[in-house]
Participant: 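There's a structure below that I have some questions on.
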Amino acid sequence: MDVLRWEGERLYLLDQRELPHRVEYLPCSHYRDVAAAIRQLSVRGAPAIGVAAAFGYALAAFNYSEDGKVALSEYMEEAARELLATRPTAVNLRWALDEMRAAYQALNGKSLKEIRDGLLAAAFKIQAAEKKRDERMASFGASLIPSRACILTYCNTGALATTGWGTALGIIREAHRQGKDLHIYVPETRPVLQGARLTAWELQEAGIPYTLITDNMAGYVFAHGGIDLVLVGADCIAASGDFANKIGTYTLSVLANYHNCPFYVAAPLSTVDLTVKTGQEIPIEMRDPREVREIGGKLITLEGCPVLNPSFDVVPHQLVTAFITDKGILKPPFEEALAAAFKGGSE
Ligand code: MRU
């Protein structure tokens, strides 16, 4: 199923808020529609956000009207700014927009039609490259999975989160394809249930055995010896190897550490920001309190009750066993390993 589709000067985004019950596409004819879709989690997952924003930026060139009121470059800069502001933690968003800005610069002096076509081609290229990166991660990562394993994953890191194969879930898919005997534990991932709604759905479709648990059951499963390894994605990896991922990942990393369980993080290098030195510098997105007060739009507590809703938390690099990237498996010391991985350049 396509996570996004370009058709007749419009971007159609699979509305992930409606899954698994309804498969609906959100038509975006303006870049601001794409920005709104990213903000409201219709499209989510760090790499998918980047791809959607790339198409959103291309769409801006189609939205531009040559009436002389605003210069095209000013219009494109404003579009990039608005798209970038949608979700502050995901590095892939800024990475993809930087790529698109560079593509725009390279089209300098061309006609509006050539710029539109050129930017659209650049967005498709980012999407295709994403899929290749997922495939590379899947084959590196599958080598770490034993022939029989119970794996705890978190949030949703599948095709829905990247538009390709997925990061952590892409590895699980590949290991399953290789005939490994897997059982996946899927915490529901409050507040908006990416685990229960999206990961369970993707695993079910792929025929991979899984068990859904509530987030507070993870400790129980570890304590009963039910987990061989943890495999999660990331939204931002700092130069030190500290990384941010969906709120609750830190708790899982501490549990894994206590239970001597390998804790793997799968992410392309486009999720790494070497200018962010440690986890303390990672900007954490705070979201609408209604996400905590409600489930599926239904109020589950007191209207207006005080709420904390950070979308991500930070795992210190000391709790990470290895990063599985599109450039290979990185082991500690991570600062050196990450810097070396970048020497060859991120694709
Ligand atoms: O808020 P979301 O759904 O965008 O959060 C997604 C995650 O935390 C994923 O684990 C992360 O983006 C990696 S996805 C390949």
Side-chain angles (χ1 to χ4, degrees), residues 3 13-19 37-53 86-96 127 130-131 133-138 141 151-174 184 186-202 215 230-237 243-253 263-273 282-288 291-292 309-315 320 323-326:
V3 176
L13 291 170
L14 176 61
D15 192 348
Q16 298 188 28
R17 294 172 310 168
E18 303 297 333
L19 291 173
I38 295 173
R39 219 176 293 114
Q40 75 197 13
L41 308 182
S42 293
V43 58
R44 32 66 49 203
I49 293 168
V51 174
T86 52
R87 301 212 57 198
T89 305
V91 173
N92 310 61
L93 173 60
R94 196 179 55 244
W95 177 86
Q127 187 183 13
E130 198 59 66
K131 197 164 176 203
R133 282 193 287 268
D134 283 4
E135 284 167 9
R136 279 200 293 270
M137 270 184 288
I151 301 176
L152 182 88
T153 189
Y154 196 51
C155 193
N156 171 265
T157 60
L160 292 168
T162 71
T163 78
W165 289 100
T167 56
L169 213 55
I171 292 168
I172 289 170
R173 227 181 251 277
E174 174 59 14
I184 315 302
V186 181
E188 58 185 359
T189 319
R190 274 281 279 150
V192 298
L193 305 172
Q194 290 94 330
R197 296 185 302 103
L198 309 177
T199 300
W201 186 63
E202 285 201 50
D215 298 332
V230 178
L231 182 52
V232 298
D235 280 74
C236 174
I237 301 171
F243 77 98
N245 190 49
K246 179 54 56 198
I247 187 75
T249 306
Y250 173 56
T251 316
L252 297 176
S253 71
F263 185 90
Y264 296 119
V265 184
L269 287 193
S270 51
T271 304
V272 180
D273 186 346
I282 298 176
I284 299 295
E285 174 187 0
M286 302 302 275
R287 292 189 59 85
D288 192 326
E291 289 182 348
V292 175
N309 191 14
S311 194
F312 303 96
D313 56 19
V314 172
V315 176
V320 177
F323 287 97
I324 303 157
T325 75
D326 49 319

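Every number for a ligand or one of its atoms is a count from 1 in the order of the listing.
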Participant: Please classify the A46 to ligand 1 contact at 4.0 Å (heavy-atom distances, strictly less than): side chain, backbone, both or neither.
Facilitator: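 A46 to ligand 1: contacts from backbone and side chain alike.
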
Participant: Should N92 and P268 count as side-chain neighbours, where that means a heavy-atom distance under 4.5 Å?
Facilitator: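 Yes, at least one pair of side-chain atoms sits under 4.5 Å.
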
Participant: Please classify the P47 to ligand 1 contact at 4.0 Å (heavy-atom distances, strictly less than): side chain, backbone, both or neither.
Facilitator: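 Side chain only.
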
Participant: Report the C-alpha distance between C236 and R94 in whole Å, list the side-chain angles of each, state the deciding distance to 0.1 Å, and finish with yes or no for side chain to side chain contact (heavy atoms under 4.5 Å, CB included).
Facilitator: CA-CA 11 Å; C236 174; R94 196 179 55 244; over 6 Å; no

Participant: Judged on heavy-atom distance to atom 5 (O) of ligand 1, which of K246, E285, Q16, M137 sits nearest?
Facilitator: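 Closest candidate by heavy-atom distance is K246.
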
Participant: Decide, yes or no, whether a salt bridge links D235 with R87 under the criterion of side-chain N to carboxylate O below 4.0 Å.
Facilitator: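 Looking at D235 and R87, the cut-off is not met.
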
Participant: Between F312 and ligand 1, which residue portion shows a heavy-atom distance shorter than 4.0 Å: side chain, backbone, both, or neither?
Facilitator: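 Side chain only; the backbone of F312 stays clear of ligand 1.
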
Participant: Give the atom numbers and elements of ligand 1 that come within less than 4.0 Å of a heavy atom of A161.
Facilitator: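 That gives atoms 14 (S), 15 (C) of ligand 1.
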
Participant: Using a distance-only test with no angle check, is there a side-chain donor-acceptor pair under 3.5 angstrom linking S42 and R17?
Facilitator: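 Judged by distance alone, the side chains do pair up.
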
Participant: With heavy atoms of T167 as the reference, note each atom of ligand 1 found under 4.0 Å away.
Facilitator: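 So the atoms of ligand 1 that pass are 15 (C).
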
Participant: Contact between T189 and N156 at the side-chain level, heavy atoms closer than 4.5 Å - yes or no?
Facilitator: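 Result no, sub-4.5 Å side-chain heavy-atom pair not found.
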
Participant: Hey, is ligand 1 close enough to D235 that some N/O pair sits below 3.5 Å?
Facilitator: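 Between D235 and ligand 1, an N or O pair is found under 3.5 Å apart.
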
Participant: Please work out which of the three classes, parallel, tilted or perpendicular, describes the rings of F263 and F243, given edges at 30° and 60°.
Facilitator: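 The arrangement is tilted - the two ring planes meet at 30° to 60°.
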
Participant: Under 4.0 Å from ligand 1, counting heavy atoms only, is it the side chain of Q194, its backbone, both or neither?
Facilitator: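 Side chain only; the backbone of Q194 stays clear of ligand 1.
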
Participant: What atoms of ligand 1 come within less than 4.0 Å of a heavy atom belonging to R87?
Facilitator: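 Reading through ligand 1 atom by atom, the close ones are 1 (O), 2 (P), 4 (O).
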
Participant: For R44 and Q194, test the side chains for any donor-to-acceptor distance below 3.5 angstrom and give the result as yes or no.
Facilitator: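 Their side chains do not contain a donor-acceptor pair, so the 3.5 Å distance test is not met.
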
Participant: As an exercise, identify every atom of ligand 1 less than 4.0 angstrom from a heavy atom of N245.
Facilitator: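 Here the atoms of ligand 1 in question are 7 (C), 8 (O), 9 (C), 10 (O), 11 (C).
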
Participant: Does K246 reach the side chain of S311, with side-chain heavy atoms less than 4.5 Å apart?
Facilitator: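 Sidechains of S311 and K246: in contact.
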
Participant: Quick one: does G45 get an N or O within less than 3.5 Å of an N or O on ligand 1?
Facilitator: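 Yes, G45 has an N/O under 3.5 Å of an N/O on ligand 1.
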
